[in-house]
Peer 1: 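Structure below; questions to follow.
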2 protein chains.
Amino acid sequence: MAEQSRGSVTLMDVAARAGVSLATASRALNGSTRRVGDDLRERVLAAARSLNYAANAQAQAMARGRTNVVGLVVHDIADPYFSSIAAGVMEAAEGHQVLVTLGSTLRRPEREVEYLVALRGQHSRAVILAGSRMDDSPVAEALRREIEIFEGDGGIVVAISQHQLPVDTVVIENRLGARDLATSLVELGYRRFGVLAGPDALLTARDRVHGFRDGLGRAGLDLDPTLVVHGAFTRDGGHQAMRSLLDRVGELDCVFAVNDVMAVGAMVAVREHGLSVPQDLGLAGFDDISTLRDVNPSLTTVRLPLEKVGATAFDLVQTAAERTKPRTRRIKGEVVLRQSTRPAVAS
Amino acid sequence: MAEQSRGSVTLMDVAARAGVSLATASRALNGSTRRVGDDLRERVLAAARSLNYAANAQAQAMARGRTNVVGLVVHDIADPYFSSIAAGVMEAAEGHQVLVTLGSTLRRPEREVEYLVALRGQHSRAVILAGSRMDDSPVAEALRREIEIFEGDGGIVVAISQHQLPVDTVVIENRLGARDLATSLVELGYRRFGVLAGPDALLTARDRVHGFRDGLGRAGLDLDPTLVVHGAFTRDGGHQAMRSLLDRVGELDCVFAVNDVMAVGAMVAVREHGLSVPQDLGLAGFDDISTLRDVNPSLTTVRLPLEKVGATAFDLVQTAAERTKPRTRRIKGEVVLRQSTRPAVAS
DNA sequence: GTCTATCGTGGAAGCGCATTCCTACGAGGA
DNA sequence: TCCTCGTAGGAATGCGCTTCCACGATAGAC
């Protein structure tokens, strides 16, 4: 029997209908340290139900002085890398009575700061910054400053990617993964590598290049700097970067794109050029984006458990109370060799 | 010169530092009908800046009686279909002073209702339900009821997909798109079709099958019901469904998967069976998911402007005040013929 | 049988802000 | 010079809720 009154139903309405005080109604609905008699509790719950009562979350937040909103800030939600992480966060949050709000910076780093301010206004319990750090000191400085304020207000900040900020961080082992990949590729017999390196300012991209060079170095190989071309971290970026490498394709036997999306773009560029992967050129990516697992030839890459990354970040949020100093959780990637790097090694 | 005090900075702190009253500080910061002298305004703004003041959003919401939170509820944020829509919504929301909160139902329809309740508690200005309606009367009934309550509280509800609810809706022309696709495939010379149909309860899937059958019918062709197999709306669902069709592959010359993700799974199944697309079998999908545009052979599909869908939904939210009855915005798909349906027609 | 913990309940304060109402002040007309 | 009107600033109220405190009743201890 829903009784719709003008405006929304308040706790007072519920209390009145149940014939109890505001305090009792509140205690019955949200359970507190105080106990409420069974009969009254029942009456209150029944009243709430019949009135379709939904507690006003802002009023609760104000009265309690805290909320259970967790902000998640990503660079681009349409990018499967981030949407996988987001899915991991949301799944982990499931059943924990928290509301996840999602912000997308559209790849503009200064928006990260804006979101942080907005989330502070919301009195967010925590914010998860899920994107590569940038090599951009003014913005980084502003971010650092705003984080300090946010934490000063009692908020929790968790970062995903590099440990560049003095906060709990889920570190993705980009260097290690790229190094292992390089090692594996050398084992397969490749010797002359090109790299599609992504934006230079993006630390994730840079780490992967460094790690890759490292791995080659351990095998006694050099990476020719002129064969490292930068480009956007997207499919088109990979496509363009690969094209600019095509006239030197004779000097290469394998190309490493610093993420899968770029690798797919590169694969198209190679094909358009009349060459074949892996017959004419090996190709490897990074991330193991699940929607790209079925490209043909299937892509050699470094598998990153992205949903686990998100879940780990959420776990850091949940356990932040006990921390005394910034914690680090390392997530490793695992090389997955598939068809794009040698017919014989088809997975 | 940030002065960090215990707890967060309130408007009262700002007013005190500027040497004005609370009321004046509020008016200076948010501009109201009333004017504030220039000197005082300057003082207030300077004080706010130096204290790193961020207005408490819940307090504002409570005092004003409304918020600028817009809830977006999707079935699965890791699915590129939904993440594209989400990106469209968020981009459209950019600069409109609204906070988008994202909920993922993990494909459990009853969670849509739960989110609606939570968002009502948040006093959300609006909620966008971005997922196919289900053919599930108890849940649908509960949803309908909760929508009524939500709207009774002054909230705006916008749906994306089918116009099954009495709310503003962005209708995706699934039937029309599938019909056009069928027509195009018949023009290409295909005659004997199989369909990987997705879950039967999902109206989006069902509409696409119906539309496809419709298109065939117009060409005088029948769709053998035993060649329509259901399965999950995912890559693996497509893979399995295709496998179950493989023993009858001799009776087929083309398969329509009701979305791209399933089509990709199907393509793998076909390949694993030792057959080739399109030489042995044509294959078409639906959605034109951008990350899947580079599969090889490239996929014939129906392009859906998903970001535009999201943007349109947001526009409906923004213009909801003027509506007198549920509005409908129709978004059409466009057939894109690529390599998966005939070597000669490579795009 | 009285006295003191204990527990369930109600009253009321206060969270931070927008906003209404009120006051004081200055300017302009008579 | 006096009165009136317009305007800028301040005090106070209330949004819906949690929680501290007070109070009465009940139960256990002596």
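In this text the structure is predicted, and so the values were computed from the model without any measurement. Every chain is numbered from 1, with letters handed out A, B, ... down the list of sequences.
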Peer 1: In whole angstroms, how far is the C1' atom of D/dG16 from the CZ atom of A/R64?
Peer 2: 12 Å
Peer 1: Quickly work out the A/L29 CG to D/dC17 P distance and round it to whole Å.
Peer 2: 9 Å
Peer 1: Whole Å only: how far is the CD atom of B/Q58 from the P atom of D/dT18?
Peer 2: 14 Å
Peer 1: For the side chain of B/A23, counting heavy atoms from C-beta on, which of D/dG9, D/dA11, D/dT18 is nearest?
Peer 2: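 Given the options D/dG9, D/dA11, D/dT18, the side chain of B/A23 is closest to D/dA11.
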Peer 1: Any heavy-atom pair between the side chains of B/Q162 and B/T204 that's under 4.5 Å?
Peer 2: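 Counting from C-beta outward, B/T204 and B/Q162 do come under 4.5 Å.
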Peer 1: What nucleotide, of D/dT18, D/dC21, D/dG9, holds the atom closest to the side chain of A/A63?
Peer 2: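 So the side chain of A/A63 is nearest to D/dT18.
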Peer 1: So B/R35, base contact, sugar-phosphate only, or nothing? Heavy-atom distance under 4.0 Å.
Peer 2: sugar-phosphate
Peer 1: What pairs meet the ring-ring contact (aromatic ring centres under 6.0 Å, His included) rule with one or both residues in residues 95-136 of chain B, with sequence neighbours excluded?
Peer 2: B/H96-B/F314
Peer 1: Once you round it to whole Å, what is the distance between P of D/dA8 and CG of B/L40?
Peer 2: 11 Å
Peer 1: Walking along DNA chain C from 5' to 3', note the first and the last nucleotide with an atom under 4.0 Å from a heavy atom of chain B, and give both.
Peer 2: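 Footprint of chain B along DNA chain C, 5' to 3': C/dG16 to C/dC21.
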Peer 1: Would you kindly give the CG-to-C1' distance between B/D38 and D/dA8, to the nearest whole Å?
Peer 2: 12 Å
Peer 1: Send over the distance from B/D153 CG to D/dC15 C1', rounded to a whole Å.
Peer 2: 15 Å
Peer 1: Rounded to the nearest Å, what distance is computed from the CZ atom of residue B/R41 to the C1' atom of nucleotide D/dA8?
Peer 2: 12 Å
Peer 1: Applying side-chain contact (heavy atoms from CB on, under 4.5 Å) between A/I331 and each of A/V170, A/I160, A/V171, report the one that passes.
Peer 2: A/V170
Peer 1: Report the residue (A/L22 or B/A55) whose heavy-atom-nearest nucleotide on DNA chain C is the more 5′ of the two.
Peer 2: A/L22
Peer 1: Using a cut-off of strictly less than 4.0 Å, decide whether A/T10 has a side-chain nitrogen or oxygen near OP1 or OP2 of D/dG16.
Peer 2: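 It does not, given that no N or O in the side chain of A/T10 lies less than 4.0 Å from OP1 or OP2 of D/dG16.
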Peer 1: Roughly, in whole Å, what's the span from CG in B/N56 to C1' in D/dC15?
Peer 2: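 After rounding, the reported distance stands at 13 Å.
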Peer 1: Applying ring-ring contact (aromatic ring centres under 6.0 Å, His included), which residue pairs with at least one partner in residues 12-67 of chain B are found, sequence neighbours left out?
Peer 2: none
Peer 1: Taking the basic N atoms (NZ, or NE/NH1/NH2) and the acidic carboxylate oxygens, is any pair closer than 4.0 Å for B/R145 and B/E148?
Peer 2: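 Judged by the 4.0 Å cut-off on N to carboxylate O distance, B/R145 and B/E148 do not form a salt bridge.
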Peer 1: Does the pair A/E112/A/R133 count as a salt bridge with the N-to-O cut at 4.0 Å?
Peer 2: yes
Peer 1: Want to settle it: does B/H123 or B/T24 sit nearer the 5' end of DNA chain D, counting the closest nucleotide to each?
Peer 2: B/T24
Peer 1: Classify the nucleic acid contact of B/G37 as base, sugar-phosphate or nothing, counting any heavy atom under 4.0 Å across all strands shown.
Peer 2: sugar-phosphate
Peer 1: Are B/E307 and B/I85 close enough that some pair of their side-chain heavy atoms sits under 4.5 Å apart?
Peer 2: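 The answer is no; the side chains never approach within 4.5 Å.
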